[in-house]
Every structure is written in structure tokens, then in C-alpha cells.
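Report on the following structure.
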Amino acid sequence: MTIQNRRIFASILFVLISFVCVAQEPPVPGPPPPVGFPIDGGVILGAIFALCYGARKILIQNNTDK
């Protein structure tokens with residue numbers, strides 16, 4: 001198979017797969033989350049991790065500049 005034939009074959013497969021994906025029915029929506037769904041634990045943990053990571057990067061950058 002030449003390069004040109006492979007490109008044509010790949011293009012045809014891409015178009016056919018996209019038609020199959022469009023033809024599927026949308027998923028049925030699930031029930032709403034319970035009232036007061038807690039998301040704050042992960043957000044706080046992520047913020048702490050981000051602050052520590054940023055402080056470490058700044059300290060390392062300051063040490064290499066001297």
C-alpha cells in the first residue's frame with residue numbers, strides 16, 4: 001500500500017467512524033446529586049498542594065539564580 005492509499009483509507013475510516021458516533025442515542029441523564037454534595041475537601045487539598053508546589057518552584061528558582 002502506498003502512502004497515498006493509506007491516507008485515503010484512513011480518511012474513509014475516520015468519516016465512517018464519525019457517522020457511527022453521531023448515530024448513537026444520547027445517554028439518559030442520571031438523577032441529580034444529593035443536596036449539599038461535599039466538594040470542598042478535594043478543593044482545599046488541591047489548593048494546599050498548589051501552594052506548596054508553587055513555593056517549592058520559587059525557592060528552587062531563587063537558589064539557582066544566585
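Residue numbers count from 1 along this sequence. Since this is a predicted model, take the numbers as computed values, not measurements.
The structure places CD1 of Ile3 at 12.0 Å from CD1 of Ile8, a figure rounded to the nearest 0.5 Å. In this structure, CZ on Arg56 lies 15.0 Å from CG on Leu51, to the nearest 0.5 angstrom.
Among residues two or more places apart in sequence or in another chain, the side-chain contact (heavy atoms from CB on, under 4.5 Å) test is passed with Ile58 by Asn62. Looking at residues two or more places apart in sequence or on another chain, you find a side-chain contact (heavy atoms from CB on, under 4.5 Å) between Leu16 and Ile12.
Hydrophobic side-chain contacts under 4.5 Å tie Tyr53 to no other Ile, Leu, Val, Met, Phe, Trp or Tyr residue.
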